[in-house]
Amino acid sequence: MRTLTRIAAKLYPRSWRDRYGEEFDALLDDSEPDGHVAWNVLIGAVAMQINHWHRAVIAATFVVTALLAMSWWAGQHPYVSPGTHRVFHMDSTPGALLAFLVILATCITGIMAFARMPGAARVCLAIVASYFGALASVSLVTPQKIVSIGDSYCWDLWCVGIQKVNMAPQGQDVLYTAEVSVSVDSVSLPPKPEASAANSFFYAFDERGRRYPVTAIPGKSSLTFVAPANARELYLSGDITAPPWVRLYFGSDLNPFHRRTLLRIA
Amino acid sequence: VTDPTLLVLASVSNGDKHGYAMMEDIVRFAGLRLGPGTLYGAITRLEEQGWIKPVGAKDRRQPYTLTAAGRKHLETQLGMLDRVVKTASKRLRHA
């Protein structure tokens, strides 16, 4: 028990131990070591650690906790579009401009740091840390967008919308056929989707994250897939390809902190 | 009275004491054994407030003494406790 008490005593903050460590150890030598004493020393060490935390650490803990709570709330309250033929956009244009300015500033300060200019490295790190902090924070508290049947979602020059969904029982499963409208730069594509391209781009998944491959119907703007009858919510998404830096944009669906926009199938 | 800071102030009010001596003294006059963590948490707070201060140590045991500000604080706290005790006793008698 004495060893446990000694270990607990070592958990006090270093500055505290520098000041009180010797006399505290003397007190522990004088005391009868038992479970109560060891526990009391451990609780004292934790309380003293909290007391010694720098205000910035306490503020950061508060901010992170608040952010996680807001993120959880945002995750519970997605925005569901009204399904009234509205068009939604992946609004990452301002994010792209901001990312460009940040990358430019990072490069300039990085070069200055490489040239050993005093303080440049710190500024460079501060820019990067602030940007990633803001990117994660804004993305985590932004609710997910769910595009209902009838509405469309656009990114870059592409727009995709689900117009209608038919369901047909197929044994234990359900065969879904979704009429999909695809346009590029506001020009509707003829109903001859490149089947292989559509098959590799789109995929469907349910509320449990189970993923289902989709198949384009040749000659029609329709996609089909089979999902179990117990799948309550089904969504369509796609493997958007873009340069890696697009992942750093605010509002980008490729941003790893951002909740990706989904097209509701059922 | 279970406030460790008040117990420590009361303990050093009649002379300088180191941690273990305070612990034993508090057991004698209050019937309460403070754990080492609780005792040194109180000592740390009291020293930060300037209510006790360390005095010359002969060995690893560090004695503490009550400062003038500490004495004033203790008197204020005891005055408040005295009022509470008198009021509660009076009310109990008339209940």
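Lettering of chains follows the sequences in order, A, B, ..., and the numbering in each one begins at 1.
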Inset, instruction - Measure distances from A:Asn51 to the heavy atoms of chain B and classify the residue's part below 4.5 Å as side chain, backbone, both or neither. - result: neither
Inset, instruction - Nearest 0.5 Å please: distance from the NE2 atom of B:His18 over to the CG atom of A:Asp30. - result: 7.0 Å
Legend entry - Between OG on residue A:Ser252 and CZ on residue A:Arg247, distance to nearest 0.5 Å: 8.0 Å
Inset, instruction - Enumerate by number any residue of residues 79-86 of chain B whose heavy atoms lie under 4.5 Å from heavy atoms of chain A; in the absence of such residues, state 'none'. - result: none
Inset, instruction - Select one option (side chain, backbone, both, neither) describing which atoms of A:Trp16 are under 4.5 Å from chain B's heavy atoms. - result: side chain
Side chains of residues 97-117 of chain A: which donor-acceptor pairs under 3.5 Å do they make with residues two or more places apart or in other chains?
residue, atom, partner, partner atom, Å
A:Thr106, OG1, A:Val102, O, 2.6
A:Thr109, OG1, A:Ala105, O, 2.8
A:Thr109, OG1, A:Thr106, O, 3.2

Inset, instruction - Anything under 30° is parallel, anything over 60° is perpendicular, the rest tilted; go ahead and classify A:Trp73 against A:His77. - result: parallel
Inset, instruction - Sort A:Ile43 into side chain, backbone, both or neither according to what part of it lies under 4.5 angstrom from a heavy atom of chain B. - result: neither
Donor-acceptor contacts, no H, no angles, side chain residues 121-136 of chain A, under 3.5 Å, sequence neighbours left out:
residue, atom, partner, partner atom, Å
A:Ser130, OG, A:Ala126, O, 2.6
A:Tyr131, OH, A:Leu248, O, 2.5

Legend entry - Identified side chain to side chain contact (heavy atoms under 4.5 Å, CB included) counterpart of A:Phe205 within the set A:Leu234, A:Leu236, A:Leu262: A:Leu262
Legend entry - Separation between OG of A:Ser15 and CE of A:Met48, rounded to the nearest 0.5 Å: 9.5 Å
Inset, instruction - Identify the residues of residues 23-42 of chain B whose heavy atoms come closer than 4.5 Å to a heavy atom of chain A, ordered by number, or report 'none'. - result: B:Met23, B:Gly35, B:Pro36, B:Gly37, B:Thr38, B:Leu39, B:Tyr40, B:Gly41
Inset, instruction - Decide if the gap between the ring center of A:Tyr12 and the ring center of A:Phe24 is smaller than 6.0 angstrom. - result: yes
Legend entry - Distance (rounded to the nearest 0.5 Å) between A:Tyr20 OH and B:Gln62 CD: 9.5 Å
Inset, instruction - May I ask you to check whether over 12 heavy atoms, not counting those of A:Gln76, lie within 6.0 Å of atom CD? - result: yes
Inset, instruction - Determine whether more than 12 heavy atoms belonging to other residues, nucleotides or ligands lie under 6.0 Å from atom CZ of B:Arg71. - result: no
